[in-house]
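Just below is one structure, and these are the notes that go with it.
These numbers were taken from a predicted model, which means no experiment stands behind them. We use all heavy atoms of the structure for the numbers below, so side chains are in, but hydrogens, waters and symmetry mates are not. Here is how names work: the chains are called A, B, and so on, in the same order as the sequence lines, proteins then strands, and each is numbered from 1.
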There are 6 protein chains.
Amino acid sequence: MAETTPALLVVSAHAGDFVWRAGGAIASATMRGEKATVVCLSYGERGESASQWLAGKSLDEIKAIRRSEAEAAAAALGADIEFLDLGDYPLVESPEAVARLVDVYRRVQPTVVLTHPLADPYNGDHPAAARMALQARVLAQAIGVANSDGSYPSKDDIIGAPPVFFFEPHQPEQCDFKPNVLLDITDAFPKKQAAMECLPAQKHMWEYYTALAVRRGVQVKRNAGPNLGLPHETMGEAYMRYYPEVTAVLA
Amino acid sequence: MAETTPALLVVSAHAGDFVWRAGGAIASATMRGEKATVVCLSYGERGESASQWLAGKSLDEIKAIRRSEAEAAAAALGADIEFLDLGDYPLVESPEAVARLVDVYRRVQPTVVLTHPLADPYNGDHPAAARMALQARVLAQAIGVANSDGSYPSKDDIIGAPPVFFFEPHQPEQCDFKPNVLLDITDAFPKKQAAMECLPAQKHMWEYYTALAVRRGVQVKRNAGPNLGLPHETMGEAYMRYYPEVTAVLA
Amino acid sequence: MAETTPALLVVSAHAGDFVWRAGGAIASATMRGEKATVVCLSYGERGESASQWLAGKSLDEIKAIRRSEAEAAAAALGADIEFLDLGDYPLVESPEAVARLVDVYRRVQPTVVLTHPLADPYNGDHPAAARMALQARVLAQAIGVANSDGSYPSKDDIIGAPPVFFFEPHQPEQCDFKPNVLLDITDAFPKKQAAMECLPAQKHMWEYYTALAVRRGVQVKRNAGPNLGLPHETMGEAYMRYYPEVTAVLA
Amino acid sequence: MAETTPALLVVSAHAGDFVWRAGGAIASATMRGEKATVVCLSYGERGESASQWLAGKSLDEIKAIRRSEAEAAAAALGADIEFLDLGDYPLVESPEAVARLVDVYRRVQPTVVLTHPLADPYNGDHPAAARMALQARVLAQAIGVANSDGSYPSKDDIIGAPPVFFFEPHQPEQCDFKPNVLLDITDAFPKKQAAMECLPAQKHMWEYYTALAVRRGVQVKRNAGPNLGLPHETMGEAYMRYYPEVTAVLA
Amino acid sequence: MAETTPALLVVSAHAGDFVWRAGGAIASATMRGEKATVVCLSYGERGESASQWLAGKSLDEIKAIRRSEAEAAAAALGADIEFLDLGDYPLVESPEAVARLVDVYRRVQPTVVLTHPLADPYNGDHPAAARMALQARVLAQAIGVANSDGSYPSKDDIIGAPPVFFFEPHQPEQCDFKPNVLLDITDAFPKKQAAMECLPAQKHMWEYYTALAVRRGVQVKRNAGPNLGLPHETMGEAYMRYYPEVTAVLA
Amino acid sequence: MAETTPALLVVSAHAGDFVWRAGGAIASATMRGEKATVVCLSYGERGESASQWLAGKSLDEIKAIRRSEAEAAAAALGADIEFLDLGDYPLVESPEAVARLVDVYRRVQPTVVLTHPLADPYNGDHPAAARMALQARVLAQAIGVANSDGSYPSKDDIIGAPPVFFFEPHQPEQCDFKPNVLLDITDAFPKKQAAMECLPAQKHMWEYYTALAVRRGVQVKRNAGPNLGLPHETMGEAYMRYYPEVTAVLA
C-alpha cells in the first residue's frame with residue numbers, strides 16, 4: 001500500500017537481545033537490501049554479564065566488551081547499531097531517554113519497529129524498553145512535540161504509523177507472548193548463526209536458539225500448510241503484532 | 001509464498017450474515033478475479049425473520065424468500081452460494097453436517113476461510129457455525145478421513161492450511177472480538193452496498209453498516225499512518241485471525 | 001425504563017443450588033411483592049446426595065427427599081418452584097430439554113434471570129445448566145421458534161431481553177467468577193437463613209454461607225462508600241452480569 | 001441508596017476528550033439538574049493540535065484556542081470546567097499533580113466519576129490521566145492524607161466511594177474496552193451535538209460520533225429488549241464500570 | 001499429606017500423544033516404583049497416520065500398527081496401557097465413552113492425572129479427550145453414579161480428588177498453555193528417548209522433542225535458581241495444573 | 001531439591017497486611033523452626049489509620065502506635081520485623097527504596113517470598129509494594145548490581161531464584177487474584193489468631209478473617225479430596241504463585 005522506503009528499527013534493552021530474538025528478521029531485511037538500525041538502550045553491563053564480573057572486570061571494561069561484541073553481531077546481520085548507554089538493572093525510564101528515542105525515530109523513519117513484549121517477570125528492563133519504544137513512537141508522530149534540541153519538526157520529520165512487532169522472550173508463556181506472526185527465516189539463518197557466534201561468552205545459547213528456530217520453523221510449516229511446499233529444514237522466528245494489521249487483501 | 005489459486009470460502013450461519021459482515025472482503029476478492037463461495041448453513045428462517053412470521057408467512061415461504069434474497073446478494077458480490085438447510089434457532093451441530101462441510105472444503109480448496117467468531121451471547125447459532133467450520137477444516141486436511149459418500153480422498157483432494165478470519169459480529173466487544181486485521185474495502189464498497197440492497201426487509205441496516213464501514217475505515221487510516229495517503233473516505237471491515245500469520249516479510 | 005411486571009426466573013442445576021447462592025436475591029424480590037420462579041433441572045440425586053446413598057436410600061427415595069426439601073426452601077423464600085427431572089451427573093444437554101425451558105420462559109415472562117456461571121471445574125452440571133438457560137432465553141425471543149407442543153407463539157408470548165445474572169459458585173476464582181454486582185441482602189437474610197434450614201443434611205453449610213454473606217456485605221459497604229451509612233451488619237450476595245447494563249442514568 | 005447530592009466529575013486528559021466520549025452523559029446529568037465538573041489535565045496542545053501547528057500558531061496561542069473551545073463546549077453541556085495545564089505528549093504523572101486532583105475531588109464531592117480506560121496503545125496520555133484520576137480518588141478518601149496546602153481534611157472534606165466509569169476510546173477493542181454499561185442519551189443528544197459543534201477544527205468528527213451514537217443506540221435497544229418500546233432513533237454511549245455495582249435490586 | 005498409593009493415570013486422545021508430551025513424567029513415576037496407566041481413547045488412525053494411508057494400508061492394519069507401537073512405547077516407560085478404540089477425527093464425546101472412563105478411574109484409583117489442555121485450534125480431538133477425562137473424574141467421585149455395568153460403587157470404589165496436569169501441546173501459545181509446573185526429567189530422559197524410538201514413522205520428532213526438553217530444562221534451571229546446582233544438561237517437561245495445589249508448606 | 005536453609009521473606013506495604021493475609025504461612029514456617037522476616041515498607045499511617053486521625057493523634061504518634069502493634073504481631077508469629085518507613089498513600093516507588101530492598105534480600109537470603117498481588121483497584125500502595133519486591137528480587141540476583149553502600153556483592157551475597165507467592169487481597173476477584181495454592185494452616189491458626197489480637201483497632205477483622213480461613217479451608221479439603229482425611233475444621237490461606245513451580249515429582 002505504501003511507497004515509503006523500507007527501514008527497520010530494533011529497540012533492544014541490552015546489547016545482545018537483538019541477536020537471539022530478532023537476528024533472522026534483521027538479516028532478512030538487509031538481504032532484501034533494506035536498511036536496519038539497532039538501538040541498544042544499555043550494554044547489559046550489570047544484569048547480563050555475570051561471567052565478566054566474576055572474572056574481575058571493571059564496569060567500563062565490561063561495557064566496552066559488550067559494545068564491541070554487539071557491533072560485530074550487528075555487522076554480521078548487515079545492520080547499523082547505536083547505543084544510548086542508559087544503564088541497566090534497572091533500566092530507568094525518563095522523559096529525557098524517551099526524547100532521545102524520538103530523535104532516533106525521526107531520523108530513521110522506520111517502516112517497521114521491533115522491540116520486547118510488555119511483560120517479563122524475569123527481567124524488568126525488557127518491558128521498560130518496550131514502554132519507552134512505544135511512547136517515543138507516538139510522540140514522534142506529533143508535529144507539536146519538539147526534538148530533543150528544542151527545535152520543532154517539519155512535516156517531513158514526523159513519522160507515520162509503523163507497525164510494531166514484539167520479538168520472542170526467553171520464557172514466552174510467562175510473558176503473555178502469544179505469537180500471531182511466524183516469520184520464515186530459512187534463508188537468513190546462516191547470518192543469524194554468524195551473529196550469534198560474535199557473542200562467545202554465551203556459547204551454549206547458539207545451540208539453544210538454533211533448536212528454537214527449528215521449533216518455530218515447524219510451526220511455520222504447520223500454519224502454512226503442506227501445499228506451500230516449504231522445505232523440511234524451515235527455520236522460524238515468532239513475533240506478536242501490537243497493532244492490527246492493515247491490508248487490502250486477506251491472505 | 002504459495003502458488004495455489006486463490007479461493008475464498010465463507011461459512012455463514014444464516015442467509016444474510018455474509019453480506020453485512022464480509023461483503024467487502026468477498027467483493028474485493030471477486031474484483032481481483034478470484035473465486036468466492038458462500039455456504040449458508042441455514043436460511044435464518046426462525047431466528048432472523050420476525051417480520052415475515054408476523055406477516056403470516058409459512059416456514060417454507062420464508063425459506064424461499066430468504067434463499068432468493070441471499071442468491072441475489074451473492075450475485076451482486078460476484079460469489080457462488082450454496083445452502084445446507086440445517087435449520088436454525090438452534091443450529092444443531094452434528095457429525096453429518098460437519099461431513100458435508102468437509103466435502104465442500106475439498107471441492108472448493110479454499111486459500112482463505114471466513115466465518116463467525118467463537119463467542120456470541122446474543123446468538124448461539126453463530127458460534128455453532130464457527131465450530132463446525134473449524135472442525136471441518138481440520139478433518140478435510142486428513143487423508144484418513146473419508147468423504148461423506150464413504151470414498152477416501154486422494155492426495156489432491158485434501159486441503160492445505162488456509163488461514164481463517166472471523167468477521168465482525170453485531171456487538172463486537174461482547175463477543176470477545178478484538179480485530180487484528182483491518183481490511184481496506186474502499187473500492188469494493190459499492191458492490192457491498194448493492195448486495196445490502198438485495199435485503200429489503202432490513203433497510204435500516206444499510207445505513208448502519210455504512211456508518212460502521214466509515215468507522216473501521218478511520219481505523220484503517222489511523223493504523224496505516226498518514227504516509228500512505230489513504231483517502232478521507234476510506235471504508236473498512238474488521239477481522240480477527242484465528243491462526244498466526246505466516247510470512248517471509250514483516251510489514 | 002420498563003413498565004413490565006417484575007418476574008424473577010432462577011434456573012438451578014440441582015435442587016439446592018438456588019438456596020445457597022441466590023436465596024437473598026429471591027427473598028428480596030418476593031419481599032417487594034414480586035413473583036419469583038425457581039426451575040430445578042435435576043434433583044441433584046446422584047452428585048449431591050452422598051450421605052443418602054451411604055444410608056442405603058434408593059434413587060426414587062432420594063429424589064423425593066430432595067424435592068420436598070427444595071419445595072420447603074422455595075416456600076420459605078416466597079418463590080414458586082418446578083422440577084424438570086432431567087437427571088444429574090451428568091446433566092445432559094438436549095434440544096428437548098431446551099424446548100421445555102423455552103416454554104417456561106414464555107409462561108413466566110421473566111424480567112430478570114439468575115443462573116450458574118459458564119465455568120466450573122468442580123461440577124460440569126452447573127455450566128450445562130447455564131448453557132441451556134441462556135440458549136432457551138434466546139430461542140424464547142424468536143417468534144419463529146415453536147413452543148414444545150408445536151404451536152407457534154403469538155407476539156405476546158415471546159419474551160423481551162431480560163438481564164441475566166450469574167450467581168456465585170462454590171470456588172469463585174476457579175470459575176472465572178468476577179462479581180460486577182454486589183447485592184445488599186440485609187433485610188432478606190432472615191428468609192435466606194430460614195430457607196437454608198430447610199436443608200438439614202447440609203447443616204455445616206448454614207454457618208458457611210452466613211460467613212460468606214458477611215464477607216460480601218463488607219464488600220457492599222466498601223464499594224458503596226461510607227457516605228451511604230450502611231449498617232455494620234450489612235449482608236451481601238455477589239453476582240456477575242452476562243449482558244451490559246442498560247440505563248438512562250449513570251450511578 | 002444514597003442521600004448525597006448528585007455531582008458528576010469528568011477527568012479528561014486533553015481539552016476535547018470529554019465532548020466526544022462523554023458529552024451525552026454530561027448533558028443527561030445537567031438536564032436532570034445535577035452539577036457536572038470537567039477537569040482537563042492538559043489542553044492537548046502538542047498531541048492533538050496538528051492543524052494549528054501546521055498553520056504556524058505558537059504554543060501559547062494553541063493553548064488559548066483549545067481552552068476557549070473547551071469552555072464553549074462545556075457551557076453547551078451545562079458543565080463547569082477547569083484546567084490543570086499539566087502539559088501533554090507526554091502527560092507526566094507526578095505526586096504534585098495527583099495532590100491537585102485530590103483537592104478537586106474533595107471540593108466537588110463527586111457521586112460519579114468518568115475518565116479514560118487504563119489501556120490505549122495509541123495515546124499514552126489517556127491511561128496516564130486514568131491512573132491519576134483513580135489514585136487521587138483513593139487518596140481523597142483518607143483522612144490522613146493532607147490537602148495540597150498541607151492542611152488536614154475534616155470528616156466532611158473526605159469523599160465516599162463514587163463509582164468510576166471509563167468512557168469509550170477511539171479504538172475500543174484495542175484498548176480492552178468491553179462496555180458493561182450502555183447509556184441511553186437520546187434526550188441529551190442535541191446538547192452533545194451543540195458541544196461538538198464548538199470544536200470546528202474537527203468537523204469530520206461530528207458525523208463520526210453521531211454514527212457511533214446510533215450504533216451504541218442499537219445496542220441499547222438490543223440489550224433492553226423490545227418490550228421497553230425504545231424509539232427507533234435511540235442514541236447511546238458506552239461505558240465500562242471499574243468497580244462492581246452496588247444495589248439493593250437486581251434489574 | 002496423603003497415605004494413598006501413588007498411581008498415575010494418563011488420558012491420551014491418540015496412540016502417540018503420551019510419549020512426546022508426558023514420557024518423562026511417566027518414566028519418572030515408574031522409576032520411583034509407582035504404577036502408571038495410559039488410556040488411549042483412539043489409535044489416531046485417521047488423523048495422525050498420513051504416511052500409512054499414503055502407503056495404501058487399510059484402516060485395520062493402521063490401527064494394529066499404531067497399537068503395537070504404543071504398547072512398545074508404554075513398555076519402555078514402564079507403564080500399563082489400554083485402548084478404548086473410540087475412533088478419531090473426530091473423537092466423538094458420548095455418555096457411554098465417559099462411563100467407560102469412570103470405570104477406569106475407579107479401577108486405577110489415580111493420585112495424579114495427566115491429559116491434554118482444553119484448547120487446541122489444530123486438533124479438536126485433544127480438547128475432546130480432556131473434557132471427557134475431566135468429566136469422568138468428577139463422576140467417578142460420586143457414590144450415586146453407577147458403574148458402566150449398572151452396579152453401584154462402594155465407598156472404597158469411588159475416587160478422591162487427584163490433581164490434574166495438562167501436558168504440553170504442539171503449539172503451546174496457540175492453546176492458551178501457560179505452564180505453571182516445570183518438571184525435571186533429567187534422570188528419566190533416557191527412557192523417554194527409548195519410548196520415542198518405538199515410533200519409527202515419526203523419526204524427525206525424536207530430535208524435535210529432545211530440543212524441547214532442553215529448552216524446558218533451561219527454564220527448570222532458571223526458575224529453580226543457581227543455588228540448587230542443577231546440572232547444565234537438565235531436561236524438562238512443562239505442565240499446567242488445572243486445580244489449585246494443596247499443600248502444608250509453601251516452597 | 002535444594003539444600004539451602006529455609007528462610008521466609010514477607011514484603012508488606014503497610015504495618016498490618018502481613019497479619020491478615022499471611023499470618024498462617026508465617027506461623028507455619030516458624031513452627032517448623034524456620035526463620036521468617038517481615039519488611040513493612042510503611043506504617044500505613046495515612047491510609048489505614050482513620051480512627052487514630054479522628055481521635056486527634058499526630059502523624060508521629062500514629063506511626064509509633066502502628067509500629068508497636070506490628071512488632072507485637074510479628075512476635076506472636078515468631079517472625080523478625082523491620083520497617084523501611086517509606087510513607088504511604090501514596091507509597092512512592094524509587095530506585096533508592098528498591099536498593100534498600102536489594103540489601104534486605106541479600107542479607108535474608110530468602111528461599112520463599114510473600115508479597116501483595118500486582119493489581120488492586122482499592123489501594124495503589126499494594127501493587128507498588130509488589131512491584132518493588134519483585135524488582136529488588138531480580139536485581140539482588142545480579143553480581144553486577146552494587147549494594148546500596150556502593151560495594152559489590154560476592155558470589156555468596158547474591159540470591160538464588162526464590163519462588164514468590166502473592167497473598168490474598170481484600171477483594172480477590174477485583175484484584176485478578178486466582179489462587180493456585182491453597183495452604184493448610186490448621187495447626188498455625190491459633191498463632192495467627194494471637195497475632196490478629198495484637199491489632200485491637202480492627203477488632204471486627206478478627207472474626208472476618210477467621211471466617212475467611214474457614215472458607216479457604218473448605219477449599220483445601222475440596223481440592224485435596226476426601227481420601228486425605230483432613231479434619232472438618234481445616235483452616236486455609238490462599239496464594240498465587242508468580243513463577244512456575246519447579247519439581248521433580250508431580251503431586
Side-chain angles (χ1 to χ4, degrees), chain A residues 1-4 6 8 22 24-26 28-29 32 34 109 111-114 141 155 158-163 165 167 178-188 216 219-230 234 236-251, chain B residues 1-4 6 8 22 24-26 28-29 32 34 109 111-114 141 155 158-163 165 167 178-188 216 219-230 234 236-251:
Chain A
M1 220 184 271
E3 50 211 300
T4 46
L8 178 67
I26 299 170
S28 289
R32 285 192 304 269
E34 300 172 14
Q109 292 286 327
T111 52
V112 173
V113 177
L114 310 184
Q141 294 173 327
K155 210 178 162 178
I158 59 171
I159 66 164
F165 297 85
F167 41 65
K178 180 171 178 174
N180 49 28
V181 182
L182 295 168
L183 184 69
D184 185 336
I185 61 162
T186 310
D187 295 343
R216 292 303 186 189
Q219 294 177 358
V220 166
K221 283 180 291 179
R222 180 76 181 264
N223 285 282
N227 300 7
L228 300 196
L230 294 179
T234 299
E237 276 177 353
Y239 290 89
M240 191 171 165
R241 273 181 193 278
Y242 187 52
Y243 295 101
E245 179 187 351
V246 175
T247 183
V249 184
L250 295 181
Chain B
M1 218 184 272
E3 48 209 301
T4 46
L8 177 67
I26 298 169
S28 288
R32 284 193 305 270
E34 300 172 15
Q109 292 286 326
T111 54
V112 172
V113 177
L114 310 185
Q141 295 172 328
K155 210 177 164 180
I158 59 171
I159 66 164
F165 298 85
F167 42 65
K178 181 173 179 173
N180 49 27
V181 181
L182 295 168
L183 183 71
D184 185 337
I185 59 160
T186 311
D187 294 343
R216 292 303 186 189
Q219 294 178 359
V220 167
K221 283 181 289 177
R222 179 77 181 263
N223 284 283
N227 301 7
L228 300 196
L230 294 180
T234 299
E237 276 177 352
Y239 290 89
M240 191 170 166
R241 273 182 193 278
Y242 186 52
Y243 296 100
E245 179 187 350
V246 176
T247 182
V249 185
L250 296 179

The interface call for B:Arg32 against chain A, heavy-atom contacts under 4.5 Å, is side chain
Find the distance between CG (A:Asn180) and CE (B:Met240) and round it off to the nearest 0.5 Å. 10.5 Å
For the residue pair A:Leu183 and B:Ala248, what are the closest heavy atoms and their distance? CD1-C, 3.6 Å
The interface call for B:Pro179 against chain A, heavy-atom contacts under 4.5 Å, is backbone
Of all heavy-atom pairs linking A:Ala25 and B:Leu250, the shortest is CB-CD1, 3.9 Å
If you count heavy-atom pairs within less than 4.5 Å of chain B, which of A:Val112, A:Thr111, A:Asp187, A:Val249 leads? A:Val249
Determine whether B:Thr247 and A:Asp184 make a side-chain contact, defined as any pair of heavy atoms from C-beta on separated by less than 4.5 Å. no
Minimum heavy-atom separation for B:Pro244 to A:Asn223, with atom names? CD-OD1, 3.6 Å
For B:Ala161 versus A:Gly225, what's the shortest heavy-atom pair and its separation? CB-CA, 3.4 Å
For B:Arg241 against A:Ala251, the heavy-atom pair lying closest together: NH2-O, 3.0 Å
Side chain, backbone, both or neither: which part of B:Leu114 has a heavy atom under 4.5 Å from chain A? side chain
